[in-house]
2 protein chains.
Amino acid sequence: MKNTKNDRRSQRTRQLLTTALLELMLEKNYESITVQDIIDRANVGRSTFYAHYLDKEDLLTSQFEEVGRHLGEAAYQDEYTLFPTLKVFQHTQENHHLYKALVWGKGIEVIFKAFEAHLNAHLEAELKQKLGERSSPIPLPIVTHYITGAFLTLLKWWLDNNMPVTPEKMDAYFRQLVTPSIQSTLNIEF
Amino acid sequence: MKNTKNDRRSQRTRQLLTTALLELMLEKNYESITVQDIIDRANVGRSTFYAHYLDKEDLLTSQFEEVGRHLGEAAYQDEYTLFPTLKVFQHTQENHHLYKALVWGKGIEVIFKAFEAHLNAHLEAELKQKLGERSSPIPLPIVTHYITGAFLTLLKWWLDNNMPVTPEKMDAYFRQLVTPSIQSTLNIEF
DNA sequence: TCGATAATGAACACATTGTTCGATTTGTAG
DNA sequence: CTACAAATCGAACAATGTGTTCATTATCGA
């Protein structure tokens with residue numbers, strides 16, 4: 001099996017590079033990190049870097065995809081929920097080292113954008129189904145963007161302030177704020 | 001008066017550079033715009049650029065401050081409001097060429113960050129006053145971030161989708177969504 | 001017209017990028 | 001253990017962009 005050999009070595013190299021980038025992102029802002037910084041930190045040859053990634057952006061992006069996958073899995077793995085906010089708060093706390101590094105840099109914007117799109121699509125489908133025949137007094141995209149926007153903003157705030165309350169409390173606060181709106185405008189259980 | 005002469009010429013140069021950057025931001029993404037692009041478009045000498053701004057970032061930032069000032073002025077100029085959402089929607093529509101250029105690039109993140117901070121501070125003070133002796137069942141920063149997060153997300157969505165409804169409608173939708181939450185948790189008129 | 005100020009643009013040193021290629025290391029199959 | 005193929009290394013390279021310097025030119029007000 002030839003692949004085993006390739007894969008293991010390559011994977012280790014990628015891990016080194018990824019770790020180096022995350023470390024550096026905790027120390028200075030993303031823009032000012034050079035490829036040289038990364039490969040020095042990772043002890044990886046210059047050409048090796050370019051054998052794995054197109055450029056710095058590519059390395060970051062691949063990391064995003066990893067993170068996005070994690071978030072998605074964490075969000076919808078167990079039971080069914082209309083909007084798995086508690087899961088996300090919990091998962092974020094468990095991996096807060098990773099997310100903190102990304103909050104500092106520009107990373108979080110890209111992750112959140114992708115995550116937001118995913119949540120919006122999911123939420124709109126759910127709401128449509130729950131509404132059934134009835135129509136919404138407010139265009140559904142506006143409702144979903146309202147919800148996800150508020151949610152992600154709170155998530156960011158929570159991270160920025162070093163998670164001053166438990167995930168469970170955050171979830172409760174969020175639901176307490178959003179439920180009346182959904183109830184009164186859509187007449188739907190949130 | 002010596003300054004008049006300096007100022008007028010310099011100001012015109014700055015205007016040219018600013019306009020050039022905004023134009024370019026409509027054509028390609030901010031990262032890939034070079035100083036050379038900007039000064040070519042503006043017909044301004046290289047050294048002149050660096051006489052006015054430290055670097056590309058500086059030019060962008062100074063533009064932000066201008067925009068931030070506009071937004072702030074527009075928001076609170078006339079009457080008193082707890083949260084001048086209609087004003088912001090209207091002003092954004094009037095200047096949507098400018099904001100569109102910034103939405104494309106990274107600009108909007110910086111503007112919104114500053115704007116959000118401003119709104120949060122203002123809103124928290126207002127809510128505190130309205131509450132009086134009573135205490136909030138939810139920490140006020142969470143409430144304010146919830147509101148501004150939802151608001152700015154909707155504003156961004158509205159811009160991204162080329163303002164499919166009037167500012168008045170957007171404002172009404174937003175208030176319809178946020179009012180029940182504020183009423184039920186804070187027992188305050190929004 | 002004169003003088004001060006601003007703008008010009010060529011030339012420069014410097015940093016970073018992304019590529020190439022021969023030498024070297026590493027892991028595994030036989 | 002050996003041999004081989006794949007992965008890594010790193011020096012050297014061209015290309016691009018940055019920010020500075022400075023002698024020259026244009027502009028505007030007095």
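Heavy atoms only: backbone and side chains are in, while hydrogens, waters and symmetry mates are out. Keep in mind the model is a prediction, meaning the values are calculated, not measured. Just so it is clear: chains get the letters A, B, ... in the order the sequence lines come, proteins before strands, and each one is counted from 1.
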Check the hydrophobic clustering (I, L, V, M, F, W, Y; side-chain heavy atoms under 4.5 Å; chains of links allowed) and say if B/Phe151 and B/Leu86 are grouped together.
no
Distance in angstrom units between A/Tyr30 OH and C/dT16 C1', rounded
14 Å
Side chain of B/Ser10 - closest among C/dT8, D/dT8, C/dA6
C/dA6
Taking only side-chain N and O atoms of A/Arg12, does any of them lie within less than 4.0 angstrom of OP1 or OP2 on C/dT26?
no
Whole-Å gap separating P (C/dT8) and CD (B/Gln36):
13 Å
What is the separation between atom CD on A/Glu31 and atom P on D/dG17, rounded to the nearest whole Å?
17 Å
Any base atoms under 4.0 Å from B/Asp37, or only sugar-phosphate, or nothing? Heavy atoms, all strands.
nothing
Among the nucleotides D/dC28, C/dT25, C/dC21, which one has an atom lying closest to any side-chain atom of A/Arg9?
C/dT25
Have A/Thr19 and A/Gln15 got a donor and an acceptor in their side chains that come within less than 3.5 Å?
yes
Rounded to whole Å, please give me the gap between CD in B/Gln15 and P in C/dA6.
18 Å
Mind checking salt bridge (charged side-chain N to carboxylate O under 4.0 Å, His left out) for A/Lys128 and listing every partner two or more places apart, or none if nothing turns up?
A/Glu124
At under 4.0 Å, does any side-chain N or O of A/Thr13 touch on OP1 or OP2 of D/dT8?
yes
So that I know where these two stand, are B/Phe89 and B/Tyr173 an aromatic pair - ring centroids less than 6.0 Å apart?
no
Which whole-number value in Å describes the distance from B/Ile39 CD1 to C/dA6 C1'?
16 Å
Measure the distance from CD on A/Gln11 to C1' on C/dG27 and round it to the nearest whole Å.
15 Å
Do you know the tightest heavy-atom contact between B/Pro180 and B/Arg175?
CD-O, 4.3 Å
To the side chain of B/Arg46, which of D/dA7, C/dA11, D/dT21 is closest?
C/dA11
Rounded to whole angstroms, how far apart are CZ on A/Arg14 and C1' on D/dA7?
12 Å
So, with a heavy-atom separation below 4.0 Å from DNA chain C, the residues of residues 48-56 of chain B are B/Thr48, B/His52
Would you say A/Lys56 has more than 12 foreign heavy atoms packed within less than 6.0 Å of its NZ?
yes
Students often get this wrong, so: under 4.0 angstrom with heavy atoms, is B/Asp58 touching a base, only sugar-phosphate, or nothing?
nothing
If you check the B/Thr34 side chain, which of D/dA6, D/dA26, D/dT18 turns out closest?
D/dT18
Interatomic distance, A/Ile33 CD1 vs C/dT17 P [rounded to whole Å]
11 Å
Are A/Leu54 and A/Leu17 connected in a single hydrophobic cluster, I mean Ile/Leu/Val/Met/Phe/Trp/Tyr linked by side-chain heavy atoms less than 4.5 Å apart?
no
